[in-house]
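See structure below.
A note on names: the letters A, B, ... follow the listed sequences, proteins ahead of strands, and every chain is numbered from 1. Bear in mind the structure is a predicted one, so any value in this text is a computation, not a measurement. Computed over heavy atoms, backbone and side chain alike; hydrogens, waters and symmetry mates excluded.
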Number of protein chains: 2
Amino acid sequence: MPLNDSNPTTRGRPKTLGRDHVLKTALMCYWAGSPTDVPISEICDKAGASKPGLYREFGSDDGLKEAVLDVYTEMVSKRRYDILASDQPFDEVLEALITHTIQDRQTAGVPNGCLLFAMRARREEFGPLTARKIDQLRENSLEQYRQWIDRAKTNRQFRSDIPTDVAALYFDAQTGSAMRLQKEGVSNVVIGEILRTAFSALR
Amino acid sequence: MPLNDSNPTTRGRPKTLGRDHVLKTALMCYWAGSPTDVPISEICDKAGASKPGLYREFGSDDGLKEAVLDVYTEMVSKRRYDILASDQPFDEVLEALITHTIQDRQTAGVPNGCLLFAMRARREEFGPLTARKIDQLRENSLEQYRQWIDRAKTNRQFRSDIPTDVAALYFDAQTGSAMRLQKEGVSNVVIGEILRTAFSALR
DNA sequence: CAAATTACGTACCTATAGTTACGTAATTAA
DNA sequence: TTAATTACGTAACTATAGGTACGTAATTTG
């Protein structure tokens with residue numbers, strides 16, 4: 001129950017900790033590095049906040065990471081869901097997905113790779129709140145794929161001999177590979193070739 | 001310069017620490033869990049060794065992990081290299097790779113997933129020895145794929161319009177995805193379908 | 001036997017990271 | 001102005017994990 005600025009009850013010392021600023025700082029630290037290897041104190045330093053301030057706001061390391069995942073969903077993942085939810089032809093959506101996946105991160109001002117995939121790979125190393133959030137976001141993601149695939153099947157734009165849930169796993173896995181390769185420094189051009197090859201198997 | 005049992009110089013108190021036993025214990029701990037989250041002390045307990053014993057033998061946490069990677073290569077990865085190096089037709093090698101990848105781990109008595117891919121995903125979290133070893137093993141792996149692909153190209157069993165190094169990355173990425181899905185609990189049957197789909201794109 | 005050599009393992013050291021106790025500051029309500 | 005309220009941040013506390021000092025045990029050599 002963190003109180004926002006626009007709260008009717010305005011008694012006591014005003015809050016100076018910028019929740020959003022802290023979240024974005026943590027997000028970038030986790031995204032650019034290893035999410036399990038960024039100490040709270042580093043986030044505090046970079047965000048110009050105090051440790052007790054963070055704990056008051058997020059309760060724990062686990063709570064902070066959970067909150068960061070929500071921000072990431074809102075800031076990053078949502079764009080992908082919009083693409084999947086569009087009513088364009090299947091092949092155009094596919095192409096939009098590839099383009100979106102390999103867009104230049106330097107230009108966009110964000111790190112390479114995907115925080116969600118990075119955190120999924122380390123799922124066991126997080127606390128219960130973060131772990132549950134990771135599961136939930138992964139399930140959401142698969143569900144978006146499934147709905148897209150089912151729509152495409154209805155419109156006869158996607159072959160019906162591949163079970164929807166397997167196809168969803170396939171898209172998710174390919175995207176995950178792409179994000180990992182990107183983080184390892186493989187060029188987006190090559191990643192694009194790989195994605196196109198992988199997706200061509202579904203025609 | 002760890003001395004083996006069959007050493008000519010046999011002075012002083014005989015060594016009781018079982019190097020191989022410690023390595024295998026560590027290997028299984030890392031493989032079954034998160035390689036960055038297994039404390040040395042846990043390996044000592046499970047192997048029945050003392051901490052100073054481990055440090056005498058491996059120098060450091062980093063040194064132990066480096067040594068474990070060599071054991072893993074010898075015990076696990078080599079089988080895959082043998083398959084790639086065989087002179088069977090391309091399609092049969094491909095099928096053998098899939099079969100090998102999705103073989104039941106319970107039966108084989110080993111954990112799900114692949115230690116090498118798990119460690120690659122956490123590359124930044126290891127010391128210099130382990131990090132270099134990871135890079136070296138990954139490069140070895142890609143090289144095996146490349147040689148296999150080039151041979152297949154020569155025999156006209158593989159399309160020539162895909163650059164060899166891109167195809168190698170493709171195989172490596174697909175295998176990595178498979179190992180990750182396996183670790184997450186996806187059934188080997190489904191993983192097999194996914195692999196077959198991914199590889200069908202290369203025909 | 002004593003000396004030299006090598007390995008053993010208990011009990012510590014140290015650094016780090018998550019977490020919090022507590023005294024203080026800033027604000028509103030009476 | 002005083003009380004009540006809320007938030008602030010310094011300076012701890014605690015647990016864990018990598019690493020080691022050092023006294024002891026087991027062996028070969030002379």
Side-chain angles (χ1 to χ4, degrees), chain A residues 1-22 26 29-30 33-68 122 124-131, chain B residues 1-22 26 29-30 33-68 122 124-131:
Chain A
M1 59 184 83
L3 306 178
N4 288 330
D5 297 327
S6 58
N7 201 284
T9 324
T10 334
R11 297 192 54 182
R13 181 172 177 168
K15 181 180 290 188
T16 58
L17 181 138
R19 179 184 170 92
D20 290 352
H21 180 240
V22 170
C29 289
Y30 295 148
S34 302
T36 47
D37 267 9
V38 181
I40 294 252
S41 54
E42 184 181 326
I43 295 166
C44 290
D45 287 349
K46 292 194 176 163
S50 71
K51 267 207 279 193
L54 279 210
Y55 279 87
R56 270 189 296 274
E57 188 69 27
F58 302 104
S60 67
D61 186 55
D62 194 21
L64 170 62
K65 286 180 170 119
E66 182 194 27
V68 163
R122 294 162 174 75
E124 305 306 321
E125 301 174 36
F126 299 108
L129 300 175
T130 307
Chain B
M1 59 186 84
L3 305 179
N4 289 332
D5 297 325
S6 56
N7 200 283
T9 324
T10 334
R11 296 192 55 182
R13 180 172 178 168
K15 182 180 288 186
T16 58
L17 181 137
R19 179 184 169 92
D20 290 351
H21 180 240
V22 170
C29 288
Y30 295 148
S34 302
T36 47
D37 266 9
V38 181
I40 295 251
S41 54
E42 183 180 327
I43 295 166
C44 291
D45 288 349
K46 291 193 176 162
S50 70
K51 258 202 293 186
L54 279 210
Y55 280 89
R56 270 189 298 273
E57 188 69 27
F58 303 104
S60 65
D61 186 55
D62 195 21
L64 171 62
K65 286 181 171 118
E66 182 194 26
V68 163
R122 294 163 174 74
E124 304 306 321
E125 302 174 36
F126 299 108
L129 300 175
T130 307

Please report the C-alpha distance between A/F58 and A/V68 in whole Å, then the side-chain angles of each, then the deciding distance to 0.1 Å, and finally whether the side-chain contact (heavy atoms from CB on, under 4.5 Å) criterion is met. CA-CA 10 Å; A/F58 302 104; A/V68 163; over 6 Å; no
Would you list the atom pairs, donor with acceptor, under 3.5 Å between side chains in residues 42-51 of chain B and any protein atom, with sequence neighbours excluded?
from, atom 1, to, atom 2, distance (Å)
B/E42, OE2, B/K46, NZ, 3.0
B/S50, OG, B/G53, N, 3.2

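- Closest heavy-atom contact between A/L54 and A/L64: CD1-CD2, 4.2 Å.
- Judged as a salt bridge (charged side-chain N to carboxylate O under 4.0 Å, His left out), and not counting sequence neighbours, the contacts of A/D61 are A/K65.
- D/dG18 atom P lies 13 Å from atom CD of B/E125, rounded to whole Å.
- One interatomic measurement links the two molecules: CG of B/D62 to C1' of D/dG19, which rounds to 13 Å at whole-angstrom precision.
- With sequence neighbours left out, B/A131 forms a side-chain contact (heavy atoms from CB on, under 4.5 Å) with B/R123.
- In terms of heavy atoms, A/D37 sits closest to A/P39 at O-CD, 3.3 Å.
- With rounding to whole Å, A/L54 atom CG is found 10 Å from D/dC8 atom P.
- Rounded to whole Å, atom P of C/dT19 lies 12 Å from atom CD1 of A/I43.
- By the salt bridge (charged side-chain N to carboxylate O under 4.0 Å, His left out) test, B/E125 pairs with A/R122, sequence neighbours left out.
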Under-3.5 Å N/O pairs linking protein and nucleotides 26-30 of chain D:
from, atom 1, to, atom 2, distance (Å)
D/dA26, N3, B/R13, N, 3.4

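- For A/Y55, the side-chain contact (heavy atoms from CB on, under 4.5 Å) partners two or more places apart in sequence, or in a different chain, are A/I40.
- Atom-to-atom, NZ of A/K15 to P of D/dG9 comes out at 12 Å; the value is rounded to the nearest Å.
- The base of C/dG9 lies close enough to the side chain of B/R56 for a donor and an acceptor atom to sit less than 3.5 Å apart.
- At whole-Å resolution of the value, CG in B/D45 and C1' in C/dG9 are 13 Å apart.
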Set out, line by line, the N/O atom pairs under 3.5 Å between protein and nucleotides 10-18 of chain C.
from, atom 1, to, atom 2, distance (Å)
C/dG18, OP2, A/I40, N, 2.8

